Every structure is written in C-alpha cells, then in structure tokens.
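One structure below.
Quantities reported herein were computed from a predicted structural model and do not represent experimental measurements. Read the numbers this way: they start at 1 and go in the same order the structure lists the ligands and their atoms.
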Amino acid sequence: MLEIINLKTQFPSPDGLVNAVDSADLQIEDNERLGLIGETGCGKTVLGMSIIRLLPPSTRIHGQIIYKGRDLLNLKEEEMRLLRGKEISMILQNPTTSLNPVLKIGDQIAEVIQLHKDCNRKEAKTKAVEILAAAMIPEAPKRADQYPHELSGGMKERVMIVMGLASQPSFVIADEPTKGLDSGTKAEIIRLIRDMTSGRSMLMITHDLAAAGEICDRIAVMYAGELLEMASAKTILHDPQHPYTQGFINSLPSRGLLPISGSSPSLIDPPHGCRFHPRCPWAMDICRREHPQIIKLEKGHFSRCFLCA
Ligand code: SF4
C-alpha cells in the first residue's frame, strides 16, 4: 500500500536546518494499521504531513513515498489534490481548532462528501447524518444541525474521525486522535477508530502507546527524527529491545510512571553517535562515537541499538 524510502524532511529556521525526519524507511501493508509513537517534537506529525504533502513551501523533502506504485513526492500539486481526501485522508488533531466554528457539523461533513462523490447537497447531507449514526453518535440528525461549540470534546473527536473517513479513503493518517480525552471517552474513541478503519490501511500518530497497542497491528518508535524500533504491537508492548522503547513503556502509568531522564535533543544539532546516548542508561563508548544502523532482530522486528547487534 505505502512504502517510505529514505525520507528526509527538513525546515530552514533562523537557528539552522531542522531535520524533522531523518532517513526514515517504513512500509504499511493493505489493511494494516501502523502506530507511530514518540515524544512531542520527535518528527512523527511531520512524517504524516510529508505523506499527504501538507507542509510549508520552504520544506525540503528528499526520498520516496510510494503509494500504489506512484511516488507521491513526484506528483504535481493538482494530482496530489485529487488523491488527498479521496484516497488518502487525515484525521487532524485538535478538533477545536480544526472544525469550522461557523458551519454546522452536518454541512462540514456534507462538504467533504461532495468533494469526492457525485451527489447534490441534499443527498450529501442525508449521507452525513447516516455516517454520524454509523459512528454511534446519538441523535445524529440533531447533532448534524449543531455547531462545533455545542458538542463535547469527545463528540467533536468523533466528528473529526467521521470527516476523515467520509470519503472512504484507502489510507488514513490519524494524528493524535486520543489526545486530551478522559479515560472513558478515550475507550469509546479507540473502539470507534478500530471499527471504522477496519479494512483500511492507517498510520496512527500518537504519544499514547496504550492506545496504539489496542488499535494497531504494528508499532514504529520515533526519536529525534529517526525510527528506532519497529515490530508487532504485541512485541513492542511486551518484549521491546531498544532502551528508548523500554523507557517509554516504563513511563506509562500502568507500568510505574518512571520518566526517562533528560529531555529530547535538538533536531538542528542532534547528539553525535546514537541520538539517545545522553539519556540511555546502557550507553557505551561506541554509542558516543558511532551512529547505530537499524538492524533486523527477527522476522518483522527491527532496532537501532548496538546492544541488539
Ligand atoms: Fe543506548 Fe547505545 Fe543502544 Fe543508543 S546504541 S540506545 S546509547 S545502548
């Protein structure tokens, strides 16, 4: 379905070039849901935005993003516009700022439907109500007639998911869909995403490893612009091999809430050698000198650490 080869996404800034995504390789199969996890600012949202090509014009992108045999980075903007929303769509984070505050929910969903389906306004609005009902939104006709500020946070997140899937895309990018939700609402959103993305391919960008574990087939772990570990969700949660993944898991409330010491490095001038070495409890001399390559440990499990070599 989608193959990312040696992707580098960089932004010029007054302090230097920001290497937001550095030499990323990733594949997502048909009907596969891949979770991309990491701390805030590690480059995961930029990787998602690189796929759908929603980045500032000053961005420098190198590498290949092959979707159904075509390199998205070589498509003209017009060709990309035809794919965006219809074939590849994005569930944006922060519904409060992403939804149009002066347009009723039903009209916003109908607009998405009309962009990609041959139907009139009335048919699109009827379809919008059907989709809201399918997303288990109670009183769907009434909700369709409301403005975003009349809905709760969880309801708005449901609407974002419905809008992202209204055009029935083959590939969905969901950016932090569970961020800021209380545990009850989060459980509902996880169920909804699982149900509504069944039979599609998805990249779920999140810092919520537990949510990724419940939704995704595989998980890739990102740190300071690089992919550090990739394996099945079960392996990442129960048998992680990279010290950063292990630290990330230990910082979960259910695993003792032990934070990783230190803070994320600069993406302009990351540490020499292994980028995680200033925070790694197992750092060796070689880790400060040499940059570890990502290696295959067993079928489908990859890690970027000298301890795994
Ligand atoms: Fe730690 Fe070295 Fe592995 Fe990096 S390469 S994660 S510093 S042990």
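- Rounding to the nearest 0.5 Å places CG of Leu72 at 8.0 Å from CD1 of Ile51.
- Tyr244 and Glu39 form a side-chain donor-acceptor contact under 3.5 Å, judged by distance and modelled atom types alone.
- Looking only at protein N/O/S atoms, the ones less than 2.8 Å from atom 2 (Fe) of ligand 1 make 1 in total.
- Put simply, part of His242 is less than 4.0 Å from ligand 1, judged by heavy atoms.
- Between the side chains of Glu3 and Tyr67, no donor N or O sits under 3.5 Å from an acceptor N or O.
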Fill in: Test log, rule salt bridge (charged side-chain N to carboxylate O under 4.0 Å, His left out), inputs Asp239 and Lys234
CA-CA 8 Å; Asp239 189 23; Lys234 193 172 158 204; over 6 Å; no
Item to complete: Show the numbers, then the answer: is there a side-chain hydrogen bond (donor to acceptor under 3.5 Å, both in side chains) between Glu87 and His116?
Response: CA-CA 10 Å; Glu87 284 263 341; His116 304 291; over 6 Å; no
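- Residues Leu26 and Leu227 form a side-chain contact, since some pair of their non-hydrogen atoms from C-beta on lies under 4.5 Å apart.
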